[in-house]
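Notes follow once the structure below has been shown.
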Amino acid sequence: MLLLVDMTENKPYQDPNIPQAFLKPYNAEEHETRIYKLWHDSGFFNPDRLPIRHQRPFTIVMPPPNANGNLHVGHALAITLEDIMIRFKRMRGFKTLWVPGADHAGFETQIVYEKKLEKEGRSRFKMDPQDLYKEILAFTLENKANMEAQVRALGASCDWSREKFTLDPKVIAETHRTFKKMFDDGLVYRGSRIVNWCSKHATSLSDVETESKEKTDPFYYFKYGPFTIGTARPETKFGDKYVVMHPDDKRYAEYKQGQKIDLEWINGPITATVIKDEAIDMEFGTGVMTITPWHDAIDFGIAERHKLDREQVIDMRGKLLPIAGEFAGMKITDARPKIVEKLKAKGLLVKVDEKYVHNVPVCYKCETVIEPQILPQWFVKMAPLAEKAIKAVDAKQVIFEPDNYRKIFLYWMKNTLDWNISRQIVWGIPIPAKICDSCSFAEPDLENELTTCPKCKATLRADTDTFDTWFSSGQWPLLSLGYSEGSDWKQFYPTDVMETGSDLIFKWIPRMVIFGLYLTGKAPFHTVYLHGLVNDASGKKMSKSKGNVINPTDLIVKYGTDALRIGLVVGNTPGTDLSLSENKIKGYKNFGNKLWNITRFVLTSCEGIQILSTNAPDHNGLTPEDTKLITELHTLVADITKDLEDYRFYMSAEKIYHYVWHTFADIIIEDSKAKIAGTDAIIKTSRQLTLFYILTTCIKLLHPFMPFVTETIWEHLPIANKKLLMIEKWPEA
RNA sequence: GGGCGGUUAGCUCAGUUGGUAGAGCGUCACAUUGACGUUGUGAAUGUCAGAGGUUCAAAUCCUCUACCGCCCACCA
């Protein structure tokens with residue numbers, strides 16, 4: 001191998017074999033695996049093994065890809081952007097650490113696995129939770145290896161020796177400690193509050209795990225004593241015994257708070273109580289409604305304010321409970337028309353609007369309509385935590401790229417609801433708590449010591465729920481650096497940049513800021529760089545059902561990783577969605593070959609002259625024309641460096657591309673042909689030195705974007721004491 | 001209902017602090033045994049969504065309007 005062999009010092013370059021490599025077009029497939037191994041084996045992915053000049057840390061924590069399938073092209077973009085930052089900073093002399101990870105992705109993975117079970121005619125509800133866990137673990141580990149191979153194929157220069165999995169025992173232990181600490185600080189509590197319940201998956205979901213879906217349903221008006229009430233959900237109305245109106249509504253001024261009214265209802269006579277609450281919209285319907293606190297968030301709020309009774313009507317599988325009388329045991333969708341029929345028969349149906357358009361929350365995975373339920377769950381008290389996050393962002397301790405995401409972040413932090421962190425699924429980090437079913441006692445028990453309730457002496461049971469994935473992911477910058485266990489954390493925290501998809505601005509970013517500030521007093525990163533969604537060529541969102549999903553691996557096979565990388569970056573401004581056409585990637589494959597041939601030309605042209613370093617040639621040996629070319633190059637270097645420092649990757653990539661092709665190749669090289677072939681030795685030598693210098697500078701500038709082809713070319717350059725391009729010094733302007 | 005973003009060449013998009021519009025792809029013409037045909041040279045195409053304002057000067061700053069996209073939402 002001629003790879004890492006240093007060229008013999010002070011000997012003119014005249015190896016006739018080297019340009020041989022350039023006689024055929026650049027073939028990415030031939031080099032990429034080998035080059036990646038070379039980088040990996042060099043140890044330079046690990047900051048501790050970088051040469052001495054690398055002192056100041058620069059850290060990125062990779063958003064851990066879900067270990068439940070293949071990478072999509074959005075991952076490819078993320079990995080590319082992060083690798084560009086890391087490679088740039090490494091060449092600039094930073095002690096760069098990029099921590100890779102793999103996400104067990106709790107609910108997401110469990111769903112993927114449940115679909116697999118479904119196909120096999122099995123169900124998780126018939127399985128022992130332990131067995132289910134083991135099966136999902138095996139499935140995840142298999143996919144994890146696959147995912148890691150894809151990250152490598154993208155050229156990621158991350159430190160695999162520090163890779164973390166979100167279910168590593170240490171990660172679990174840290175998460176447990178945080179839970180306990182928050183409980184002790186009064187920031188985590190167990191409460192019976194209304195939660196989003198998916199009856200298909202039989203688990204509660206956070207607000208970000210639900211979506212709104214527009215539905216058209218009939219809207220019914222019923223006679224309720226002296227009132228007419230409107231509802232789209234008659235099946236919840238069995239237990240309704242409060243009738244609510246706005247305190248300022250003059251139409252109902254005669255009815256007073258707390259007044260009892262006897263009336264006939266679905267299953268017989270009841271006594272209703274009048275409640276006045278400002279949550280009522282006087283403009284909507286009749287301005288009067290009855291409430292179902294167990295199955296509606298607004299109603300729950302009203303019941304909380306007025307301390308009203310609440311009663312469960314629908315069970316956890318979506319069926320009516322005995323309170324529904326003759327309808328008990330029926331699915332709500334089947335029961336609805338029958339209930340309406342009965343009310344009609346009793347003369348209580350006033351009218352029906354057939355086409356009532358409204359938004360209903362659905363499970364973001366299966367689109368099952370969310371049934372709000374009151375459940376005892378663990379909650380994080382958000383307000384005090386969010387307040388710290390707002391302060392940190394206002395003080396510019398965290399900046400957003402692009403800046404408009406700051407507004408979205410702040411909006412989110414100013415409108416927090418307490419966060420339900422309990423999930424009724426096995427695939428996740430277990431909640432280390434003991435619960436008393438006889439009284440309200442519930443406490444974290446990390447050491448598994450509690451057996452009897454200190455309050456009522458009943459036997460305690462272990463919580464069988466797991467944490468919402470974001471509870472641990474929210475601590476990822478700390479967990480991935482081994483918070484509280486080693487020296488990494490002290491050296492590399494706070495990290496520098498968090499690069500992730502713009503859709504995570506509310507799911508993930510706020511939680512990381514909150515946990516970072518809460519646990520360490522410092523925000524976990526100073527810059528949030530958000531890339532947009534990668535859409536198909538016509539700007540449509542990629543989805544399996546549309547069949548327009550572009551698989552990054554296919555593109556790598558066809559055009560090479562470098563072409564994919566630079567194609568994803570050029571013209572892709574942060575925060576804005578990208579339309580990706582295969583043609584664009586193809587164009588950059590051609591660019592790789594162009595660069596390859598430029599090198600061939602320069603090496604051929606420089607044959608016989610003594611070139612040893614990649615420093616700028618001495619001005620004394622240069623013609624004024626060549627001095628000018630070098631000055632222009634240096635302007636470009638300064639420009640590109642500034643763009644990279646300011647996260648304008650799309651600009652820097654385009655500038656270097658344009659310079660290499662349309663200035664260096666089209667103008668400078670064309671102009672050089674006559675000079676190289678000419679008889680004026682001074683002009684010839686000057687141009688040879690200039691060409692070589694421009695080439696090596698461009699190779700360095702391009703390295704973060706197209707690491708494979710540049711490293712391959714670098715291998716073939718006649719330079720003394722050559723090391724890997726990956727750790728070469730970034731060009732000075 | 002609220003918020004955010006967009007509207008620039010046929011398409012996809014740049015345009016950093018205001019200084020007479022750019023790239024890639026595509027189109028057309030021409031060239032070429034050249035480092036590279038995975039090429040080169042040249043050409044065409046824009047009332048920078050519309051209206052008003054600030055300014056010596058606006059694609060860029062301000063206001064309003066229209067349309068498109070996305071996100072959020074506890075009007076039963």
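Please read these numbers as outputs of a predicted model, since none were measured by experiment. Protein chains get the first letters and strands the later ones, always in sequence-line order, with residue 1 at the start of each.
In this pair, A:His662 and A:His658 present their aromatic rings tilted. The plane angle is within the 30 to 60° band. Between A:Phe219 and A:Phe284, the ring-plane angle classifies as perpendicular under the 30° and 60° cut-offs. In this pair, A:Phe400 and A:Phe409 present their aromatic rings tilted. The plane angle is within the 30 to 60° band. Aromatic ring orientation, A:Trp265 versus A:Tyr224: perpendicular (interplanar angle above 60°, classes split at 30° and 60°). A perpendicular orientation is assigned to the rings of A:His716 and A:Trp596, their planes being inclined by more than 60° (bins at 30° and 60°).
Using a cutoff of 4.0 Å between basic side-chain nitrogens and carboxylate oxygens, A:Arg233 and A:Glu371 are scored as salt-bridged.
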Under the salt bridge (charged side-chain N to carboxylate O under 4.0 Å, His left out) criterion, do A:Asp418 and A:Arg193 qualify, and how do the steps go?
-> CA-CA 10 Å; A:Asp418 281 359; A:Arg193 299 178 56 87; 5.2 Å; no
Could you run down the sub-3.5 Å N/O contacts of the protein with nucleotides 12-16 of chain B?
| from | atom 1 | to | atom 2 | distance (Å) |
| --- | --- | --- | --- | --- |
| B:U12 | O3' | A:Ser579 | OG | 3.1 |
| B:C13 | OP1 | A:Ser579 | OG | 2.9 |
| B:C13 | O2' | A:Gly571 | O | 3.4 |
| B:A14 | OP1 | A:Thr573 | OG1 | 2.7 |
| B:G15 | OP1 | A:Tyr650 | OH | 2.9 |
| B:U16 | O2 | A:Arg648 | NE | 2.8 |
| B:U16 | O2 | A:Arg648 | NH1 | 3.1 |
| B:U16 | O2 | A:Arg648 | NH2 | 2.8 |

For nucleotides 17-19 of chain B, print each protein N/O atom paired with a nucleotide N/O atom at under 3.5 Å, atom names and distance only.
none

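Distance A:Tyr411 OH to B:C70 C1': 15 Å, rounded to the nearest Å. A straight line from NZ of A:Lys594 to P of B:U39 spans 7 Å, rounded to a whole angstrom. Rounded to a whole Å, the OH atom of A:Tyr559 is 14 Å from the P atom of B:U38. Rounded to an integer number of Å, the gap from CG of A:Asp277 to P of B:C75 is 14 Å. A:Ile667 places its CD1 atom 12 Å from the C1' atom of B:U41, with the value rounded to the nearest Å. One atom, CG of A:Asn359, and another, C1' of B:C71, lie 13 Å apart when rounded to the nearest Å. The CD-P distance, from A:Glu214 to B:C72, rounds to 15 Å in whole Å. B:A23 atom P lies 6 Å from atom NE2 of A:His658, rounded to whole Å.
Taking atom C1' in both B:A73 and B:G19, the straight-line distance is 45 Å, to the nearest Å. With both ends at atom P, the span from B:C11 to B:G2 equals 33 Å, rounded to whole Å. Rounded to a whole angstrom, the distance from the P atom of B:C25 to that of B:G40 is 9 Å. Comparing the C1' positions of B:G42 and B:A58 gives a spacing of 33 Å, expressed to the nearest Å. Spacing between B:C4 and B:A43 at atom C1', rounded to whole Å, works out to 42 Å. With both ends at atom P, the span from B:G22 to B:A59 equals 13 Å, rounded to whole Å. B:U39 and B:C67 have their P atoms separated by 44 Å, with the value rounded to a whole Å. Annotation: B:U7 and B:U12 have their P atoms spaced 12 Å apart (nearest Å).
Within 4.0 Å (heavy atoms only), A:Ile194 reaches no atom of the nucleic acid at all. Within the nucleic acid shown, A:His662 comes within 4.0 Å of sugar-phosphate atoms alone, with no base atom in reach, counting heavy atoms only. At a threshold of 4.0 angstrom between heavy atoms, the contacts of A:Lys673 include nucleobase atoms, whether or not backbone atoms are also involved. Nucleic acid contact for A:Trp412: sugar-phosphate only, since backbone atoms but no base atoms lie under 4.0 Å from a heavy atom of the residue. Nucleic acid contact class of A:Ala232 (heavy atoms, under 4.0 Å, all strands): none. Across all strands, A:Gly287 comes closer than 4.0 Å to base atoms (heavy-atom distances). Among the atoms of the strands shown, base atoms are found under 4.0 Å from some heavy atom of A:Asn593. Nucleic acid contact for A:Asn404: sugar-phosphate only, since backbone atoms but no base atoms lie under 4.0 Å from a heavy atom of the residue.
Cation-pi check for A:Lys351 over A:Tyr221 is met; the charged atom lies under 6.0 angstrom from the ring centroid and within 45 degrees of its normal.
Pair assignment for B:G1 gives B:C72, based on Watson-Crick or G-U wobble hydrogen-bonding distances that are each under 3.5 Å. Nucleotide B:C48 forms a pair with no other nucleotide shown, judged by Watson-Crick or G-U wobble geometry with both contacts under 3.5 Å. For B:U41, the paired base is B:A29 (Watson-Crick or G-U wobble, both distances below 3.5 Å). In this structure B:C61 sits in a base pair with B:G53, meeting the Watson-Crick or G-U test at under 3.5 Å. A 3.5 Å limit on both hydrogen-bonding distances identifies B:A66 as the Watson-Crick or G-U partner of B:U7. Figure legend. B:U16 is base-paired to no nucleotide; pairs are counted as Watson-Crick or G-U wobble with both atom distances under 3.5 Å.
In terms of position on RNA chain B, the residue among A:Glu670 and A:Ile408 whose nearest nucleotide sits closer to the 5' end is A:Ile408. The residue among A:Asp207 and A:Lys237 whose nearest nucleotide of RNA chain B is located toward the 5' end is A:Asp207.
Using modelled atom types, one finds no donor on one side chain facing an acceptor on the other under 3.5 Å when comparing A:Asp468 with A:Asn420. Of the N and O atoms on the side chains of A:Ser686 and A:Asp626, at least one donor lies less than 3.5 Å from an acceptor on the other residue. Side-chain atoms of A:His531 and A:Asn572 include no donor-acceptor pair closer than 3.5 Å. Side-chain atoms of A:Asn535 and A:Ser579 include no donor-acceptor pair closer than 3.5 Å. Of the N and O atoms on the side chains of A:Asp240 and A:Thr290, at least one donor lies less than 3.5 Å from an acceptor on the other residue.
Looking at A:Lys407, its side chain has no donor and acceptor atom pair within 3.5 Å of the base of B:C4.
Distances shown here put a side-chain N or O of A:Asn590 below 4.0 Å from the OP1 or OP2 atom of B:U39.
Counting heavy atoms from C-beta on, the side chains of A:Thr286 and A:Arg251 never come closer than 4.5 Å.
Closest approach to the A:Phe506 side chain among B:C75, B:C71, B:A35 is made by B:C71 (side chain taken as heavy atoms from C-beta onward). Distance from the side chain of A:Ser212 is smallest to B:A73 among B:A35, B:A73, B:G40.
Aromatic pair A:Tyr657/A:Phe705: ring centres not closer than 6.0 Å.
Residues from residues 216-230 of chain A placing a heavy atom under 4.0 Å of any atom in RNA chain B, listed by number, are A:Gly230.
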